[in-house]
Amino acid sequence: MIKSFFKNKAAIISAAIIVIITLMAVFAPLISPYEPDRQDLLLRLKPPGSEHLLGSDELGRDVFTRLLYGSRVSLLIAVIPTALAVIFGMIMGILSAYYGKAADLIIMWFADVTLAFPGMLLAMAIMYTFGGSFLSVLLSIIIMEWGSIARIVRSVTLSIIEQEYIEAARTIGVKKIVIVIKHIIPNLLPTLIVLFTLNVPSSILSESALSFLGIGIQPPNVSLGLMVNQSRALLFQMPWLALAPSIMIMILVLSFNYLGDALRDILDPKTKY
Amino acid sequence: MSAFIRRCVGVLLVLLGVMLLIFIVLRIIPGNPAAVLLSEHANKETIERLTASMNLDKALPEQFLLYLSGALRGDLGQSYYLKRPVLDLVLEAFPFTVKLTIFSAAFAWIFGIAVGVISAVYQNRLPDYLFRGISLLGVSVPVFMVALFLQYLFYFKFSLLPLLYDGSAVSMILPAIALGWNSAGSVARLTRSSLIEQNNELYLDTAKAKGLTAKAALLKHGLKNAMLPVITMLALQLSSMLSGAVITESVFGIAGIGKLALSAVETRDMPLLQGTVLFSAFIISLGNIISDLINTCIDPRLRV
């Protein structure tokens with residue numbers, strides 16, 4: 001399995017890009033001599049150059065530094081809620097598949113309900129109630145994503161519990177919860193890893209879209225979507241201000257998509273989603 | 001037919017859940033919305049009068065039942081800020097979103113299917129790699145990036161197209177491409193994989209035995225079968241397109257549903273937000289039923 005991963009060039013390259021960007025985001029204070037919100041009005045709107053690698057914005061802040069700190073928020077908000085959505089979706093999917101018809105009906109109804117909303121509009125309702133913050137973006141991403149994850153986990157679990165070893169375990173009187181922990185979850189693991197990797201890009205895109213609209217992450221925090229929002233007024237004079245964070249989002253999303261596709265081919269060649 | 005009726009009942013139950021969820025999400029908010037709406041200096045009587053007229057003084061379950069019965073009669077309440085019936089505002093905005101969605105779906109479908117078919121026919125050769133790269137790029141760029149890039153290129157650099165939507169068909173081109181770009185990527189990817197899968201089907205061998213070339217057999221017989229999952233995707237795309245419409249409409253100044261919802265958030269207009277979200281969920285459910293019907297028409301195996 002690991003061997004086939006290293007044979008897959010796209011997977012290695014995208015994994016490497018993700019690792020590099022993550023390291024740059026984590027060690028941002030060591031890489032950049034500037035602070036993300038230090039304003040220097042004498043150095044406003046400088047084009048890219050040797051002192052400011054990607055220029056400076058309308059308040060004289062270093063764009064490259066803000067890009068690093070913005071990636072930090074964007075990566076955090078992509079990874080944490082996606083992980084939580086996968087865990088919640090897994091629990092709901094297993095309950096639905098393995099704990100009787102009533103649980104199945106209710107959970108799948110609830111999943112259908114959250115899937116019936118256009119994600120962005122449901123997120124906007126959450127922003128309305130809780131205000132634009134890290135936590136409300138997190139909450140809306142979980143609500144947007146758990147439903148489809150639970151559906152897939154449910155169908156994979158259904159095929160796992162038909163296997164003979166589960167039947168055997170049940171016959172010798174192993175408890176349901178033990179079967180779930182010892183047999184079902186380990187077999188779900190490849191699916192969960194792939195689901196996680198493929199949902200991270202949609203989380204990045206959701207966060208950036210909300211922040212771009214001005215209702216997600218709020219200043220003085222930095223996020224990639226917020227940077228694009230703030231540089232919109234200068235789009236025609238200084239396109240690189242909007243371009244740099246956009247390209248960063250694109251690279252992240254592209255890498256996670258490639259990695260997810262590759263992982264799916266390696267770990268889970270039979271299923272398609 | 002009974003399967004279809006069962007499906008419709010399912011959709012109705014989901015819509016009921018949709019109303020319940022949006023009702024709860026918008027009402028956990030602390031404080032009295034009527035007091036938020038009126039200025040700080042409003043006297044107590046005015047606040048009480050507004051509270052009563054919006055049913056906010058009733059218990060939550062009763063409020064929900066009132067809202068539900070209102071919605072069934074086509075009454076989605078009154079907008080706080082614009083002081084007009086929510087349904088009127090939504091129905092005024094809807095044609096703009098429909099127009100935008102139709103134009104961008106047309107772009108996504110024509111472009112996406114063409115790219116997918118070319119990719120599949122030239123599987124693992126240069127055009128395939130090229131188009132696969134393009135379609136992966138299609139699903140990976142944020143909607144606002146495409147929108148701003150198109151504005152920069154076609155308005156600022158080449159002055160070919162208008163910056164904002166002004167009602168003309170020409171000014172719809174950029175918004176349609178911006179919104180359709182992501183969908184075009186997903187349509188292309190699905191068309192490719194679905195068409196390639198058909199290669200293993202026996203009916204293609206029959207077609208080849210009849211004397212068709214592999215390419216002709218694939219396009220003549222394979223494409224129709226390959227389209228089934230792509231059509232199912234249309235319904236799913238509808239949902240993501242309505243999400244993307246919020247951004248596209250705000251960048252290009254189109255007075256559609258998405259912009260209405262965004263302004264409802266910005267002006268803290270709860271009934272309007274509730275109405276727009278509910279309406280779009282209703283449209284998506286309708287889209288799901290329609291795509292089921294289309295699939296049943298194309299694939300006789302589903303007619304049970």
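Reminder, nothing fancy here: chain letters follow the sequence lines and each chain counts from 1.
Residue B:Val14 touches chain A through both its backbone and its side chain, counting heavy-atom pairs closer than 4.5 Å. Proximity to chain A is absent for every atom of B:Ile283, based on heavy atoms less than 4.5 angstrom apart. There is no contact between B:Leu286 and chain A, counting heavy-atom distances below 4.5 Å. Both the backbone and the side chain of B:Gln151 come within less than 4.5 Å of a heavy atom of chain A. The parts of B:Val251 that come within reach of chain A are both its backbone and its side chain, each placing non-hydrogen atoms under 4.5 angstrom from that chain. For A:Phe117, the parts lying near chain B are the backbone and the side chain together; criterion is any non-hydrogen pair under 4.5 Å. Of the two parts of B:Arg132, neither the backbone nor the side chain holds a non-hydrogen atom closer than 4.5 Å to a non-hydrogen atom of chain A. When heavy atoms are compared at a cutoff of 4.5 Å, B:Leu21 approaches chain A solely by way of its side chain, counted from C-beta outward. Looking at B:Phe149, neither its backbone nor its side chain comes within 4.5 Å of chain A, counting heavy atoms on both sides.
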**Request:** Give the intermediate values and the outcome of side-chain contact (heavy atoms from CB on, under 4.5 Å) for residues A:Asn221 and A:Leu226.
**Result:** CA-CA 9 Å; A:Asn221 294 312; A:Leu226 188 62; 5.5 Å; no
**Request:** Walk me through it: do A:Gln230 and A:Arg66 pass the test side chain to side chain donor-acceptor pair (under 3.5 Å)?
**Result:** CA-CA 12 Å; A:Gln230 289 167 335; A:Arg66 288 175 68 73; 3.1 Å; yes
**Request:** Apply the test side chain to side chain donor-acceptor pair (under 3.5 Å) to residues A:Gln218 and A:Ser133: give CA-CA distance (whole Å), side-chain angles for both, the deciding distance (0.1 Å), then the verdict.
**Result:** CA-CA 7 Å; A:Gln218 300 293 324; A:Ser133 69; over 6 Å; no
**Request:** Verify side-chain contact (heavy atoms from CB on, under 4.5 Å) between A:Glu145 and A:Ser202, making sure each step is shown before the conclusion.
**Result:** CA-CA 9 Å; A:Glu145 287 175 359; A:Ser202 28; 3.6 Å; yes
**Request:** Go through the steps for B:Ser79 and B:Asp269 under the test side chain to side chain donor-acceptor pair (under 3.5 Å), then give the verdict.
**Result:** CA-CA 6 Å; B:Ser79 153; B:Asp269 194 337; 2.6 Å; yes
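Among the candidates B:Thr276, B:Val11, B:Leu13, the residue making the largest number of heavy-atom pairs closer than 4.5 Å to chain A is B:Leu13. Among B:Ser285, B:Gly17, B:Gly10, the residue making the largest number of heavy-atom pairs under 4.5 Å with chain A is B:Gly17. Among B:Ser243, B:Ala281, B:Ala261, B:Gly258, the residue making the largest number of heavy-atom pairs under 4.5 Å with chain A is B:Ser243. Here B:Val18 is the residue among B:Ile257, B:Leu278, B:Val18, B:Leu20 with the most heavy-atom pairs under 4.5 Å with chain A. With chain A as partner, the option from B:Leu136, B:Leu242, B:Leu15, B:Val141 having the largest number of non-hydrogen pairs under 4.5 angstrom is B:Leu136. Between chain B and the residues A:Ile126, A:Leu254, A:Leu121, the most heavy-atom pairs under 4.5 angstrom are made by A:Leu254. Counting heavy-atom pairs closer than 4.5 Å to chain B, the top-ranked of the candidates A:Asn257, A:Ile249, A:Ile251, A:Leu213 is A:Leu213. Contact count versus chain A (heavy atoms, under 4.5 Å) is highest, among B:Ile22, B:Leu16, B:Val277, B:Leu148, for B:Leu148. The candidate with the highest count of non-hydrogen atom pairs below 4.5 Å against chain B, out of A:Thr114, A:Leu243, A:Asp261, A:Leu122, is A:Asp261.
The ring pair (Phe, Tyr, Trp, His ring centres under 6.0 Å) pairs that include a residue from residues 260-286 of chain B are B:Phe94-B:Phe279, where partners are two or more places apart or lie in different chains.
Between the side chains of B:Gln274 and B:Tyr67, at least one donor N or O lies within less than 3.5 Å of an accepting N or O.
Within a 6.0 Å radius of OH in B:Tyr152, other residues, nucleotides and ligands contribute more than 12 heavy atoms.
Ring planes of A:Trp146 and A:Phe110: tilted class, angle from 30 to 60°.
Going from atom CZ of A:Arg264 over to atom CG of A:Leu195 covers 10.0 Å, rounded to the nearest 0.5 Å. To the nearest 0.5 Å, atoms CG (A:Leu267) and OG1 (A:Thr191) are separated by 8.5 Å.
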